[in-house]
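Working notes, structure below.
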Amino acid sequence: MDELRAVLLGRMKAAFDSVEEGADPVLRPSERADFQANGVLPLAKRLGRNPSEVASQIIVAAELDDVCERVEVSGRGFINLTISERFIAGQLSEQATDERLGVPMASDPEVLVVDYSHPNVAKEMHVGHLRSTIIGDALCRMLGFAGHTVVRENHIGDWGTPFGMLIEHLLDIGEEKAVHELSVGDLDTFYRQAHVSFDDDEQFRERSRHRVVLLQSGDPETLRLWRVLVERSVRYFDDVYSKLGVLLTDDDIVGESFYNDILSDVVRDLEAIGLLVESEGARCVFPLGFTNRDGDPLPLIVQKSDQGFGYAATDLAAIRDRVGRLGAKCIVYVVGAPQAQHLEMCFAVARMAGWLPEPVKAVHVAFGNVLGADRKMLRSRSGVPVKLVDLLDEAVQRADAAVTGRDPSLAHDERDRVAQMLGVGAVKYADLSTERTRDYTFDWDRMLAFEGNTGPYLQYAHARIRSIFRRGNLSAPSSYPTPNLAEPAERALGLALLGFAGAIEATLEQWSPSRLCSYLFELATAFTTFYETCPVLKAPPDVLPSRVLLCELTGRVLERGLDLLGIQAPDQM
RNA sequence: GCCCUCGUAGCUCAGCGGAUAGAGCGCCGGCCUCCGGAGCCGGGUGCGCAGGUUCGAGUCCUGCCGGGGGCGCCA
């Protein structure tokens with residue numbers, strides 16, 4: 001199905017081509033009409049011609065009679081386009097019968113690897129993991145919906161020197177107690193105590209170092225203890241993921257340890273290519289364009305002076321594996337902004353080594369911090385980072401309080417379910433709706449508000465639609481009429497509905513779920529205006545089916561849109 | 001010191017080189033015999049500063065100011 005914007009763009013492009021091959025129409029939404037083409041001015045400038053004359057020529061060439069009811073040149077050469085009601089209505093009929101709601105499948109489906117969440121074994125998940133996990137989740141959902149093959153990879157921290165300390169601590173408190181602590185999700189205590197011992201006890205430090213050696217040399221008992229830590233932690237992560245409602249499963253876990261066996265190959269191959277340089281005892285690659293504070297070349301340390309492998313080695317191995325074994329055409333890293341330089345260096349080295357050959361892309365989807373009311377990194381009263389589970393539990397609790405009493409007809413278990421959807425949805429939406437590169441301030445009252453650009457507002461709009469269907473004893477129509485858009489609110493809602501595909505496209509282009517959030521908010525706003533001015537159940541018989549269609553379609557777009565963000569939409573709330 | 005990033009209304013945030021820079025919250029004023037008032041309509045002072053590129057700059061470039069981050073063996 002041809003989406004409205006795509007049709008317009010096609011016509012305009014052809015018309016611009018007829019004046020100058022390849023000229024960009026610069027088609028944009030307009031406040032003065034439905035769309036405007038801004039490309040005339042630069043084109044006329046290049047050709048040294050009169051803008052309004054060029055505009056007229058383009059309008060004739062575009063042949064928009066079946067799409068637009070009004071096409072006019074205004075200002076110094078803008079082309080304003082007003083879509084005809086008939087065309088909008090026709091597009092809506094198509095969208096309504098389309099299971100994909102007008103969203104086209106990608107014309108060039110690719111294999112994409114998305115690296116996100118990556119918690120550390122035996123370490124608490126905090127709000128820092130929240131952003132990576134839900135932004136990554138939303139992107140995976142949208143990429144999949146767009147028809148791409150998405151490989152989710154959860155690169156958990158399951159290897160490295162801290163494991164000497166963690167295993168020794170496990171032995172000190174006893175395996176049974178350790179398993180218990182990890183099982184009930186008390187990872188903070190476990191990790192902190194291990195660290196305290198490491199800091200205070202020279203003997204413990206010595207044992208830890210020795211344990212690292214045992215681990216790396218494959219000592220069976222040490223490996224068994226290591227597995228206990230990993231398995232227990234993974235179970236805990238699963239609990240959090242299930243609370244959060246994200247797609248990640250155990251099958252997506254590709255931890256750092258997965259690459260152990262090929263790290264030496266990475267180093268060997270870098271050496272064979274001649275990229276490896278020994279510096280201060282470490283084996284490094286110096287990619288061009290990176291300097292340290294003295295202006296000297298900055299190394300990517302692949303193998304440390306103690307012969308251990310740095311995380312750069314693991315990251316390089318992962319790139320090679322993802323391109324080579326998985327056939328990735330694009331690798332997406334949903335990782336905090338501070339790692340920008342490290343990732344760029346890894347990408348640069350991988351390119352030099354030929355492990356990231358030209359058409360293959362590597363993208364850093366960076367994000368900012370979650371701040372508390374004091375504008376600093378969100379922390380609990382005691383000053384430690386907030387546990388993700390605590391955050392989610394509180395969200396559900398607050399949502400439950402908000403729902404209680406609002407709708408007495410809800411049964412208790414149903415209310416619990418709704419509180420779950422609202423609370424978790426509110427947290428996710430608050431995060432996703434902020435442009436990801438910015439820091440954002442965490443504020444319970446705002447994110448759980450039922451007004452404004454919030455999760456609950458969108459869920460509410462959806463629930464109202466369902467309510468109409470319940471009250472009117474309506475079911476989803478089996479065939480769709482051509483909608484009547486005589487009322488301005490009907491027309492505006494219709495146009496908003498047709499923007500769904502474009503919103504998803506923009507989101508993926510910029511790897512920024514906030515684009516889809518903005519769209520859904522606009523759609524919900526357009527719906528509420530429609531809802532206020534256009535009665536549905538009490539509508540005259542000739543427009544009733546049309547309004548039912550608009551409601552039904554809006555409900556589906558909202559539900560699908562929220563779903564692509566990883567947010568559930570209850571039928572009542 | 002160098003590099004990255006952010007700076008938009010009282011607050012929280014949108015703005016893909018285009019016309020008079022938009023929402024939400026809060027504040028003020030309207031609207032309901034009406035499908036869920038958790039609503040709708042109206043009301044406004046703002047792009048950190050200074051240059052530059054452009055027919056046109058919140059958007060691109062340079063410098064400065066301010067917040068955050070990074071800058072060799074933690075991941």
Side-chain angles (χ1 to χ4, degrees), chain A residues 26-32 36-39 41-42 44-45 51 74-78 80 118 120 123 155 157 159-162 256 279-284 289-306 308-312 314-315 336-342 344 366 368-369 371 375-377 402 406-407 430 433-435 437-441 443 445-447 449-454 456-457 460-461 463-465 467-472 489 502 506 509-510 514-515 517-518 521-522 525 528-529 531-539 547 551 572-573:
Chain A
V26 193
L27 189 68
R28 300 279 185 269
S30 177
E31 285 171 16
R32 302 162 181 250
Q36 62 185 59
N38 303 329
L41 274 98
K45 179 79 181 171
S74 78
R76 295 185 302 282
F78 301 99
N80 291 345
H118 36 250
N120 292 307
K123 224 172 165 181
H155 193 82
W159 201 255
T161 46
E256 291 167 10
S279 170
E280 298 175 31
R283 311 179 82 187
C284 318
F290 296 90
T291 54
N292 65 15
R293 64 182 80 219
D294 300 320
D296 298 327
L298 188 65
L300 186 68
I301 297 175
V302 182
Q303 192 167 18
K304 302 183 286 184
S305 52
D306 68 359
F309 297 104
Y311 57 104
T314 312
D315 286 335
Q339 297 214 45
Q341 183 175 261
H342 166 72
E344 273 170 39
N369 294 316
L371 307 178
R375 306 288 300 159
K376 292 183 177 157
M377 300 265 282
R406 303 271 195 187
D407 189 344
S433 62
T434 305
E435 208 287 313
T437 55
R438 289 178 64 135
D439 295 347
Y440 77 92
T441 308
D443 181 337
D445 293 334
R446 198 171 53 252
M447 74 175 72
F450 292 78
E451 305 106 28
N453 190 8
T454 68
Y457 176 75
Y460 176 58
R464 279 175 127 182
I465 292 170
S467 169
I468 292 173
F469 280 78
R470 273 195 306 276
R471 297 245 174 166
E509 217 163 81
Q510 299 171 44
S514 72
R515 304 305 296 259
C517 293
S518 298
F521 177 60
E522 280 165 26
T525 304
T528 354
T529 305
Y531 182 83
E532 290 294 322
T533 51
C534 304
V536 178
L537 298 179
K538 291 174 183 162
R547 290 187 178 166
C551 288
Q572 343 181 20
M573 53 191 273

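Letters A, B, ... are given to chains in the order of the sequence lines, protein chains preceding strands, and every chain is numbered from 1.
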D445(A) CG - C13(B) P separation (whole Å): 15 Å
Rounded off to whole Å, could you give me the OH-to-P distance for the Y440(A) and G68(B) pair? 20 Å
What is the pairing partner of G1(B), taking Watson-Crick or G-U wobble pairs with both distances under 3.5 Å in any strand? C71(B)
Give P299(A) one of three labels, base, sugar-phosphate or nothing, depending on what nucleic acid heavy atoms sit under 4.0 Å from its own. base
Hey, does P297(A) reach any base, or is it just sugar-phosphate, or nothing, if we go heavy atoms under 4.0 Å? nothing
Just call it for N80(A): base, sugar-phosphate, or nothing, with non-hydrogen atoms closer than 4.0 Å on any strand. base
Are the side chain of R438(A) and the backbone of G368(A) linked by a donor-acceptor contact shorter than 3.5 Å? no
Please determine, for the side chain of F78(A), which listed nucleotide (A75(B), A19(B), C35(B)) has the closest atom? A19(B)
Does the aromatic ring of Y531(A) sit over the six-membered base ring of G39(B), closer than 5.5 Å centre to centre and tilted less than 30°? no
What nucleic acid atoms does C534(A) come within less than 4.0 Å of, heavy atoms only: base, sugar-phosphate, or nothing? base
If you go through the side-chain atoms of S467(A), does one of them form a donor-acceptor pair with the base of G36(B) closer than 3.5 Å? yes
Using atom types as modelled and distance alone, determine if a side-chain donor or acceptor of N369(A) lies under 3.5 Å from a backbone N or O of D439(A). no
d(CD, E532(A); C1', G42(B)) in whole Å: 15 Å
Take atom CZ of R76(A) and atom P of C55(B), then tell me their distance rounded to the nearest Å. 12 Å
Distance-only donor-acceptor test (3.5 Å): side chain Q36(A), base A19(B): yes
Which atoms form the tightest heavy-atom contact between F309(A) and K304(A), and what is the distance? O-CE, 4.0 Å
Watson-Crick or G-U counterpart of U59(B), or none if no pair lies under 3.5 Å: none
Mind checking if E256(A) touches a base, just sugar-phosphate, or nothing, with heavy atoms under 4.0 Å? sugar-phosphate
Using a heavy-atom cut-off of under 4.0 Å over every strand shown, decide if P42(A) touches base, sugar-phosphate, or nothing. base
Look at all strands and tell whether E522(A) reaches a base, only sugar-phosphate, or nothing, counting heavy atoms closer than 4.0 Å. nothing
Applying a 4.0 Å non-hydrogen cut-off, can you work out what Q341(A) is touching in the nucleic acid: base, sugar-phosphate, or nothing? sugar-phosphate
Between the main-chain N or O of D296(A) and the side-chain N or O of D294(A), is there a donor-acceptor pair closer than 3.5 Å? no
What contact category does S74(A) fall into here, base, sugar-phosphate, or nothing, at under 4.0 angstrom with non-hydrogen atoms? base
Flag, side chain of T525(A) to backbone of F521(A), donor-acceptor distance under 3.5 Å: yes
Does some side-chain heavy atom of Y460(A) sit less than 4.5 Å from a side-chain heavy atom of T454(A)? no
Contact class for F290(A) (heavy atom, under 4.0 Å): base, sugar-phosphate, or nothing? nothing
Atom-pair distance (CG on L298(A); P on C3(B)), nearest Å: 14 Å
Consider the side chain of E435(A), meaning its heavy atoms from C-beta on, and name the nucleotide among A14(B), G36(B), C73(B) that approaches it most closely. A14(B)
Compare the minimum distances between each of A38(B), C35(B), G39(B) and the side chain of R471(A), then state the nucleotide with the smallest one. C35(B)
Counting any heavy atom closer than 4.0 Å, what does T529(A) reach on the DNA or RNA strands: base, sugar-phosphate only, or nothing? sugar-phosphate
Going by atom types alone, do N453(A) and S433(A) pair a side-chain donor with an acceptor below 3.5 Å? no
For R515(A) and C13(B), is the shortest distance between a side-chain N/O and OP1 or OP2 below 4.0 Å? no
Separation of A38(B) atom C1' from E451(A) atom CD, nearest Å, is 6 Å
For A38(B), is there a stacking contact with Y457(A), counting only centres under 5.5 Å and planes under 30°? no
From the set C40(B), G36(B), G18(B), return the single nucleotide nearest to any side-chain atom of L41(A). G18(B)
Classify S279(A) by what it touches in the nucleic acid, base, sugar-phosphate, or nothing, heavy-atom distance under 4.0 Å. base
Nearest to the side chain of S518(A), which nucleotide is it out of A14(B), C35(B), C74(B)? A14(B)
D306(A) near the nucleic acid: base, sugar-phosphate alone, or nothing, with a heavy-atom cut-off under 4.0 Å? nothing
Output the rounded distance in Å from CG (N292(A)) to P (C3(B)). 13 Å
Using whole Å, report how far CG of D439(A) lies from P of C6(B). 11 Å
Per atom distances to the N120(A) side chain, the nearest of A75(B), G18(B), G72(B) is A75(B)
Taking only the side-chain heavy atoms of Y460(A) (C-beta and beyond), determine which of C13(B), G36(B), G72(B) contains the nearest atom. G36(B)
Which is true for T441(A) with a 4.0 Å heavy-atom rule: it touches a base, it touches only sugar-phosphate, or it touches nothing? sugar-phosphate
If I take atom OG from residue S518(A) and atom CD from residue E435(A), how far apart are they, to the nearest 0.5 angstrom? 10.0 Å
Of the listed nucleotides (U8(B), G18(B), C35(B)), which one gets closest to any side-chain atom of R438(A)? U8(B)
